[in-house]
Amino acid sequence: MVRDRVIELVRAALALGAAQGRWPTAEVAFSVEAPRDPKHGDFALNAAMVLAKPAGQPPRQVAAAIVEAIRAVDAAGEVTSLEIAGPGFINLRLAPDLWYRSLERAVAQGEAYGRTDTGHGKKVIVEYVSANPTGPMHVGHGRNAVTGDGVQRLLRWAGFDVTREYYVNDYGAQVQTLARSVHLRYQEAHGRTVAFPPKAYPGEYVREIADGLKAEFGARWLDAPEGEWLALFRDRAVQHVLGLIRGDLAAIDIQFDRWSSEKALYESGTVERFMADLERKDLVYVGKLPPPKSKKGAPAPPPQPEEEGVTVDDDLTLFRSSAFGDEVDRPVKKSDGTPTYFCADIAYHWEKRQRAELLIDVLGADHGGYVPRLEAALQALGYARTDLHVVLIQMVNLTRGGEAVKMGKRAGNVVWLREVVDEVGRDATRFIFFTRRSDAPLDFDVELLKRQTLDNPVFYVQYGHARLHAIFRKAAEGSVPLPAFSLADARTLTTPEELDLIRRIAAFPDVLAGAALAFEPHRVAFYLQETIGAFHSWYTQGKRTGERVLGSDPARTRARLFLCRALVQVLANGLAVLGVSAPERMESPETGDIGAEA
RNA sequence: GCGCCCGUAGCUCAGCUGGACAGAGCAGCGGCCUUCUAAGCCGCUGGUCGGGGGUUCGAGUCCCUCCGGGCGCGCCA
């Protein structure tokens, strides 16, 4: 907010200079950022370095002219000092009152503080989770879900018009495998002994579905040909599993606006219409897939397609994705004429793009190779490559006290998301996923997250929030009212720690907007940890110096309390962006109660 | 063999879309509780940003190339 004001001033100054013929254009990409070293002022401006070349003058000379122009434009005297430093930075300091007023703004805007119009209401669909409905969610799905939810919340805070969407793969081979697994359990439920092939889904939930079908239909499908029961079993299984997934999502506070079904894409004719569109645009052709590139001795992948009747050399329908940046053309119809998964998926993106201007896909890193063909598809359809942004989610290494928990897809040793949430709680589960960039692998240590010590970042942050409320409670005990904003009071906040906190509070909307534009919710978590660290530091220093929040000087007491009000708002809102609760009190794990230690 | 992601302190990681001397948390050492939560704070120790080139006024950040990890790689989803 304060920064926005600076940007306005700089824009005006650059326009003035351009009008005066000092440089050819005012349309340059300059940056205004808070320098790491507070000695360098409130903000550092790089415009002189950027303009040096177009202006044909050395940076420091341009800087001098920019300084002059800023002074000319700054009628109100909001900029109190301008210094040219280093290679041509302009360091500027602002009137302290501007900073103090940002506290007022934070409190006045309350739960809305941090919201911006960065997105200008742009319609965006965030697709995340989209786990195949073949079983409950595991921890990896959890990371995808939480990250996607963080991105989605961020975009809302930044003024985008967001639809949260889950793509249900309820059509292909995997759900058929699930249906067959259910049928095997169904046979077991009738007392038969069946061989359970390694491809089948072994989970306990499969048995539950089978039991349900037995209760409803008895032995009716026991010896019926597969064609008679497959669709029914599939649909029942998918419905059941989706129920499980909804429950898993609810446990980590995630909801969706829309569940898009792959099956429905076929049934509604969308895939057909899409294929027709592709043919009209000459984006598909019938041909053979080139053999995979593999050099001498390289382990050529064994011939995969074991689908009945499909041989490697048959003709099939290919999409001209290689004309749009993909390595090779990708099949959209198999040689038996049925559409591929890719076909339905680009049809889905095609359809989504018509509902929104920007598409976000949150995908597992193992789908990284899939991204180029999706981008190619969108481009082929006449959209910009940037209309789709893919957030890749790396692996989660589940550990317990530092020791890896083995998770095989086959054996029954999958650790479900729900088990982990039950053990460590919703807040810790969510927060830990924001402590790492999404494209870096993450260790999820169950023991650590349970421990409730400062190893566990979520407690550090929540503790800070609770501590602020403890101050408010203390104030209430002493009948000290929570103060309204007073500039005169605020001006008593002058220590480096206090000014640092004010700057952080003022930067909060910028942090959210920046994180939203980068689709990186982890930045919010890091911001919160740093800001709370700054608060703890200030707080503890006050204990040492005797200058505590509630002190003897009424004006300073009011000012500090107001600072705390702004701070608590930022923390609460930041936690809300991450979907983590902001408790007003926390009990000590050792004493079980506050202040019970002697 | 090809493609994508990653390589920053002993460990785990940030680094704000290229900025000014590279940061934090753990771990190690040493300090701080009569008074609003010590689940906290302060200090010290710790780095050729994997190596080498290049672009730029300026590179951890962009390009090329090696090295070392992860993931993926013919009509599976």
Undergrad: Would you indicate what Y527(A) reaches in the nucleic acid, counting non-hydrogen atoms under 4.0 angstrom: base, sugar-phosphate, or nothing?
TA: nothing
Undergrad: Please, what dot-bracket string fits RNA chain B when only Watson-Crick and G-U pairs with both distances under 3.5 Å count, crossing ones use [ ] and pairs to another strand use |?
TA: (((((.(..((((.....[...)))).(((((.......))))).....(((((..]....)))))).)))))....
Undergrad: Might you list the N or O atoms of the protein lying below 3.5 Å from N or O atoms in nucleotides 63-65 of chain B, with each pair's distance?
TA:
none

Undergrad: Within the pair Y460(A) and C41(B), is there a side-chain N or O less than 4.0 Å away from OP1 or OP2?
TA: yes
Undergrad: Counting side-chain heavy atoms from C-beta on, which of G15(B), C36(B), G40(B) comes nearest to H536(A)?
TA: G40(B)
Undergrad: What interatomic distance, in whole Å, is found between P of G58(B) and the corresponding atom of G15(B)?
TA: 25 Å
Undergrad: Atom pairs, N/O to N/O, protein against nucleotides 11-13 of chain B, distance under 3.5 Å?
TA:
from	atom 1	to	atom 2	distance (Å)
U12(B)	O2'	R436(A)	NH2	2.8
C13(B)	OP1	P441(A)	O	3.4
C13(B)	O5'	R436(A)	NE	3.1
C13(B)	O5'	R436(A)	NH2	3.1

Undergrad: Quick check on RNA chain B: between G542(A) and E520(A), whose nearest nucleotide comes earlier from the 5' end?
TA: E520(A)
Undergrad: Tell me if the side-chain of T340(A) makes a donor-acceptor pair with the base of C75(B), cut-off 3.5 Å, by modelled atom types.
TA: no
Undergrad: Going by the rule side-chain hydrogen bond (donor to acceptor under 3.5 Å, both in side chains), which residues pair with R503(A) if we only count those two or more places apart in sequence or in a different chain?
TA: D42(A)
Undergrad: What residues, two or more places apart in sequence or in another chain, satisfy ring pair (Phe, Tyr, Trp, His ring centres under 6.0 Å) together with H389(A)?
TA: F519(A)
Undergrad: Between N or O atoms, less than 3.5 Å apart, protein on one side and nucleotides 16-20 of chain B on the other: list the pairs.
TA:
from	atom 1	to	atom 2	distance (Å)
C16(B)	O2'	R523(A)	NH1	3.3
U17(B)	O4	L517(A)	O	3.4
G19(B)	N7	N46(A)	ND2	3.4
A20(B)	OP1	R36(A)	NH2	3.2
A20(B)	OP2	R36(A)	NH2	3.0
A20(B)	N6	N91(A)	OD1	2.3
A20(B)	N1	N91(A)	OD1	3.1
A20(B)	N1	N91(A)	ND2	3.0

Undergrad: Which of these nucleotides, C75(B), C36(B), G72(B), is closest to any side-chain atom of K334(A)?
TA: C75(B)
Undergrad: Between the protein and nucleotides 29-32 of chain B, which nitrogen or oxygen pairs are less than 3.5 angstrom apart?
TA:
none

Undergrad: Not counting sequence neighbours, which residues clear ring pair (Phe, Tyr, Trp, His ring centres under 6.0 Å) with F434(A)? List them please.
TA: none
Undergrad: With D510(A), which residues qualify under salt bridge (charged side-chain N to carboxylate O under 4.0 Å, His left out), at least two apart?
TA: R3(A)
Undergrad: The criterion is side-chain contact (heavy atoms from CB on, under 4.5 Å); which residues satisfy it with A179(A), sequence neighbours excluded?
TA: L230(A), F233(A), R234(A)
Undergrad: R330(A) side chain to L318(A) main-chain N or O, any donor-acceptor pair under 3.5 Å?
TA: no
Undergrad: Near RNA chain B, which residues from residues 129-137 of chain A have a heavy atom under 4.0 Å away?
TA: N132(A)
Undergrad: Could you pull out all residues at least two apart from R523(A) that satisfy salt bridge (charged side-chain N to carboxylate O under 4.0 Å, His left out)?
TA: E520(A)
